[in-house]
Colleague: 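Here it is, the structure, as structure tokens.
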Amino acid sequence: MLAVHLPGLDLKNPVMPASGCFAFGAEYGNLYDLNKLGAIIIKAATLEPRFGNPTPRVAETPCGMLNAIGLQNPGVDKIISNELTRLAGYDVPIIANIAGSEMSDYVETAEKMSLNPVVKALELNISCPNVRHGGITFGTVPEIAAELTERVKAVSKKPVYVKLSPNVTDITAMAQAVEEAGADGLSMINTLLGMRIDIKTQKPILANKTGGLSGPAIKPVAIRMIYEVSQKVRIPIIGMGGIQSADDVIEYFLAGASAVAVGTANFADPFVCPKIIDDLPEKLKAMHVTDINELVGRSWKACAKKNESSLR
Amino acid sequence: MLAVHLPGLDLKNPVMPASGCFAFGAEYGNLYDLNKLGAIIIKAATLEPRFGNPTPRVAETPCGMLNAIGLQNPGVDKIISNELTRLAGYDVPIIANIAGSEMSDYVETAEKMSLNPVVKALELNISCPNVRHGGITFGTVPEIAAELTERVKAVSKKPVYVKLSPNVTDITAMAQAVEEAGADGLSMINTLLGMRIDIKTQKPILANKTGGLSGPAIKPVAIRMIYEVSQKVRIPIIGMGGIQSADDVIEYFLAGASAVAVGTANFADPFVCPKIIDDLPEKLKAMHVTDINELVGRSWKACAKKNESSLR
Amino acid sequence: MIQEDMLITGQRSLADQIFELKLRGKLAANVSEPGQFVHIRVNGQSGSVAPILRRPISICSRDRAKEEITLIFRSGGLGTDLLKEAEPGERLDVLGPLGHGFPVRDIHDMKKAVVIGGGVGVPPLYGLSAELVKKGVSVLSILGFRSAKDVFYKKEFEELGETVIMTEDGTSGIRGRVTDVLDGMDFDVAYACGPLPMLKAVQRKVSDRPLYISMEQRMGCGIGACLACVVHTTDQNDSKGYRRVCSDGPVFRAGEVELC
Amino acid sequence: MIQEDMLITGQRSLADQIFELKLRGKLAANVSEPGQFVHIRVNGQSGSVAPILRRPISICSRDRAKEEITLIFRSGGLGTDLLKEAEPGERLDVLGPLGHGFPVRDIHDMKKAVVIGGGVGVPPLYGLSAELVKKGVSVLSILGFRSAKDVFYKKEFEELGETVIMTEDGTSGIRGRVTDVLDGMDFDVAYACGPLPMLKAVQRKVSDRPLYISMEQRMGCGIGACLACVVHTTDQNDSKGYRRVCSDGPVFRAGEVELC
Ligand SMILES: Cc1cc2nc3c(=O)[nH]c(=O)nc-3n(C[C@H](O)[C@H](O)[C@H](O)COP(=O)(O)OP(=O)(O)OC[C@H]3O[C@@H](n4cnc5c(N)ncnc54)[C@H](O)[C@@H]3O)c2cc1C
Ligand SMILES: Cc1cc2nc3c(=O)[nH]c(=O)nc-3n(C[C@H](O)[C@H](O)[C@H](O)COP(=O)(O)OP(=O)(O)OC[C@H]3O[C@@H](n4cnc5c(N)ncnc54)[C@H](O)[C@@H]3O)c2cc1C
Ligand SMILES: Cc1cc2nc3c(=O)[nH]c(=O)nc-3n(C[C@H](O)[C@H](O)[C@H](O)COP(=O)(O)O)c2cc1C
Ligand SMILES: Cc1cc2nc3c(=O)[nH]c(=O)nc-3n(C[C@H](O)[C@H](O)[C@H](O)COP(=O)(O)O)c2cc1C
Ligand code: FES
Ligand code: FES
């Protein structure tokens, strides 16, 4: 009923923690059995270790939060030797999130990660600023995103999901560009760029000033983008942005997602992923749905049918 | 303490209802004295009457709402003859919001509106799809926005504020383009494009499918954009997006706004504008601020100073 | 129309997910017609976190002496689930009375009225019926529900006049829909409130006598400013071409607006 | 560490905007060290609307027999303003106990301890002091507040040992800052919790004896996964280069992490 099959990923259920909100699973693994999860998207790996941004790194916003962690991670080699070795003990597919500030960083990190048997797919985080191109993020220019995708695909031994940034004028152009460049799937969405100013200190709350907005506040934006993109591409979409409940998961599937990731909600409720997984079967039963895959894109598939028949 | 002077606008205070959330003031005028307001931004006017979109036209989202009213309005001529005549009885500057689907619509509507003595400034709503250019919105391509601004400026007898759409990759490029084209000020932000799907009907809640996301959920995005843009342009910014309280107004000023508009919050609390206006003096006093204009951009002005001195 | 923090004087469960809420305040004195509604801000604790939009709920009845209005609502969504937790002694931010209700001022020549309600469309008809009875009009109430567990206010309506309860599954009253029993009934004027398909069916049946219907639409402001709640007029030549449910309605004379 | 809907058994105001909250549940049994904290989900009514992030609050003390923990918090923000409205009988979603507290297991050779607290940094020191006293250590408490109206738990600390109250404006106790009275004091070990400038000043003063400090950082997960709450190690060659306040701390030995 919940099993989902995507390139490289045979998932017992479509629910996975989102990158950066679950580290490498050790902490949540103390709370529940990670084998319950459909998959785990681990924290962004970069070629070299990164300390990230100064603190404060998070701020609360209405129905959301801002973060500017700054891709803190011990570097791909240590992740492989320490974290993946531990994760090998679980029966849960690992999706490795890859980041960088040069194309070559991405390519090298992706190749290393993709060689590890625990890793079943890569997720390219293209929301990072491209140092070469004067800080323009890879994720905002279709040509650059496509080139990056192509180069990573050329070396990767595993399917590549490209994680799209919502901070663009035309998300479908981005999606189509990376699809043509060979992406096996999409992840959407990453965070919206935001800021909060503390009226006491009169300065931005985050040391980094701007941060990424996540949580329920951004769900309508994510749903709209997935609704648009899923009608324009043939590759599957891992949907995310503000998911808190099984109902939210269903909304994402209806919009056009084929699996989902849960980020911010883990902080409010560390058991949210297993809870959603437990809740889904009953919700589907109430909808007379026997296979969650039936729901993918139903919000527009139904419309498409209607339009067709009204033309006759 | 609260008076603010912007091109064309001598405001007793910087708080005004946002376009589309206050119609032409008649309804709220039954609840309180409109003369309390700094200004009123009236509902979008188009050249011809428009009925707008089918219903449902609104949906609630976490800390926000979606709307797809579709610019319903009786057309510029009726607005001038009916609504502006009534508004002439108040001592409050009127900002006329202008929309269209062709450049020529905008130009003609703007000219007519700007001739009316009640209207003190125009607000160009460039978030509308441009029919000529295959539905691309005026507000997402700097060159088109600049051309539109120039043409409207050429005919307008009143200062022109351009209302920017947040659904773009680079908001500063948009802002700079319209500034160069002669805009006297900016309004930001309009709504973020979003969607909600009803999991019972399995269809988008809005008849129009997508809608504009407003309310506190989008405040961090608006603050970030105003923070960025205010450092790049010399023209003043009317800030909006999720303002609910005097504290929010102060946050907007710190980010770089010189006045603010309140939209969605009017629905939750019809008296929110006068309440904010009443609350501001005490808040400013507590901050030892004697003139609200001192606050404009203070979040980055302070930083700028700091960076300067750390360079020496 | 005023905004008031009304005092909650009572809340009780009437049926499955159906609650009756009593509110006291000055607003009660301003109610001018049955069928008007209030727009409620449902607050979280401390009022600091709340759903963005108010919720429109019809005024079921008004007690002028007690300065009280009674509302009946169905829970099940974010706002109404919070509302059902509200307790006597607490206060609720209410905007109202809003809109135009059922016209009861100039009905001198009417002798027999039928009120037709479905589900949570029933509440405003109670206040209406009471008003009509007070004016000497005899009222027949036809009230439709899904099932026995959903039925409420049967006794209250029966005290006002003949009352027919209908359920879709026949677990209470007559099995069927409200329109099934309309044929051949003797009345001078009809009033209806309920889901759109019911209103349409009623409008088809009652074409020869005056019929007033109360409409629902998703709302923003509730006072006529945002144009969220518009309905088309049936008259293509109407100068505006639309009506706002919140301020021109929610009650319209049948045929004034399109039912869709 | 568990997640539990703990029962609120008491809430009272202690000082200006300062509240004491008592919670009962299994979680209490898991507390292993004074200085640990809990991460609280502050719900709106019905639990349907709530601030997104949990709020970290130190465990002030634990009563093993009553299965109770006591928290003391300052209101003033969105979450804590909601929290102060919570009433006995209601339940609160608590994650904890979290982090590493003050080391009290192996302090056999310590005879005299000084605890130094500022504002809402005072609460965890109360549980610590009680624990130390139980172990036969004599405790001197130096507690700093802004003003007389902010002082709390004076009597409670006095029952455990000598207690010096300091206020910035001199309206209660000695006028000045906690570090003003540290010189020449006789102690074997020091513990501090309070605002960063206070911690820095204390660290400068107490360089010759063991000092443990409890840190604050804005938090996301509270359990070590999101890296929101990191602080740099002072040792540049440390293999990680950082510590997480939530899971490696909040208590660190002075000098382990940078205070900035
Ligand atoms: C004039 C009028 C009078 C009404 N009178 C009553 C009444 O007496 N008793 C009663 O139970 N219900 C009544 N309703 C319907 C009631 O407003 C909705 O059931 C309620 O708003 C749903 O809110 P929620 O928090 O449960 O749902 P949510 O799904 O959380 O609501 C989300 C948003 O959608 C809107 N919405 C959802 N359903 C409806 C609906 N059916 N009609 C209008 N807006 C909706 C809500 O107002 C809110 O803005 C009336 C509606 C209108 C327009
Ligand atoms: C380990 C630890 C123990 C603490 N123990 C106590 C205690 O015993 N008593 C007490 O009164 N306070 C304590 N604090 C501080 C307390 O967490 C904040 O005062 C509280 O989170 C503020 O929430 P709010 O809803 O009032 O403010 P808001 O402004 O609404 O908070 C917004 C966000 O910022 C965070 N935040 C704001 N101020 C702080 C702060 N000073 N430290 C960390 N996060 C902050 C909030 O947690 C929330 O995520 C502790 C903090 C930490 C890290
Ligand atoms: C604290 C935090 C850290 C994140 N780190 C990463 C990251 O390392 N790589 C990445 O691709 N996305 C990262 N994200 C984005 C999330 O994976 C996700 O796309 C986004 O938060 C939206 O989902 P949500 O609303 O469920 O959190 C991070 C988000 C948060 C809140
Ligand atoms: C119901 C509704 C109608 C609106 N109509 C218009 C409009 O006609 N013209 C326009 O420029 N903006 C329109 N807006 C956008 C608002 O003016 C404002 O930019 C936006 O809602 C953000 O502010 P807020 O979060 O305070 O609502 C509308 C917004 C809403 C909610
Ligand atoms: S709800 Fe705003 S006009 Fe009716
Ligand atoms: S709060 Fe998430 S790692 Fe400390």
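Computation of the quantities below employed the complete heavy-atom set of this structure, encompassing side-chain atoms and omitting hydrogens, waters and symmetry-equivalent molecules. Throughout, a chain's letter reflects where its sequence line sits, starting with A, and its residues are numbered from 1.
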Colleague: Non-hydrogen atoms of chain B under 4.5 Å away: do they reach the side chain of C/Leu53, the backbone, both or neither?
Modeller: both
Colleague: With rounding to the nearest 0.5 angstrom, report the CG to CD1 distance, B/Leu31 to C/Ile223.
Modeller: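 The CG atom of B/Leu31 sits 5.0 Å away from the CD1 atom of C/Ile223.
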Colleague: Would you indicate whether the side-chain heavy atoms of C/Val231 and B/Thr55 approach each other to under 4.5 Å?
Modeller: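 A side-chain contact is absent here, since even the closest heavy-atom pair is not under 4.5 Å.
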Colleague: Does the pair C/Arg55 and B/Glu60 meet the rule for a side chain to side chain contact (heavy atoms under 4.5 Å, CB included), with working shown?
Modeller: CA-CA 11 Å; C/Arg55 300 297 192 261; B/Glu60 196 176 53; 2.6 Å; yes
Colleague: My understanding is that only one of C/Arg54, C/Met1, C/His39 makes a side-chain contact (heavy atoms from CB on, under 4.5 Å) with B/Pro270; could you say which?
Modeller: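 Of the listed residues C/Arg54, C/Met1, C/His39, the side-chain contact (heavy atoms from CB on, under 4.5 Å) partner of B/Pro270 is C/Arg54.
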Colleague: For the residue pair C/Ile52 and B/Pro216, establish whether any side-chain heavy-atom pair is separated by less than 4.5 Å.
Modeller: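 They are in contact (side-chain heavy atoms under 4.5 Å apart), so the answer is yes.
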Colleague: Would you mind checking which part of B/Phe22 comes under 4.5 Å of any heavy atom in chain C, side chain (CB onward), backbone (N, CA, C, O), both or neither?
Modeller: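 Interface part for B/Phe22: backbone (N, CA, C, O).
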Colleague: Mind checking whether B/Phe51 and C/His232 have ring centres under 6.0 Å apart?
Modeller: yes
Colleague: When you compare the side chain of C/Arg218 with that of B/Met65, does any pair of heavy atoms fall below 4.5 Å?
Modeller: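 Not touching, per the 4.5 Å side-chain cut-off.
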Colleague: Most heavy-atom pairs under 4.5 angstrom with chain B, which of C/Ser247, C/Gly241, C/Ala228, C/Gly79?
Modeller: C/Ala228
Colleague: Chain C heavy atoms under 4.5 Å from B/Asp269: which part of the residue, side chain, backbone, both or neither?
Modeller: both
Colleague: Just wondering, more than 12 heavy atoms not from C/Lys205 lying within 6.0 Å of its NZ?
Modeller: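 Enclosed.
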Colleague: CD1/C/Ile2 to CZ/B/Phe271 distance, rounded to the nearest 0.5 angstrom?
Modeller: 8.5 Å
Colleague: Using every non-hydrogen atom in the two residues, find where B/Cys21 and C/Ala225 come nearest and quote the distance to one decimal.
Modeller: O-CB, 4.4 Å
Colleague: With distance as the sole test, does B/Arg57 use its side chain to make a donor-acceptor pair with the main-chain N or O of C/Leu227 at under 3.5 Å?
Modeller: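 Yes, because the side chain of B/Arg57 sits within donor-acceptor range (under 3.5 Å) of the backbone of C/Leu227.
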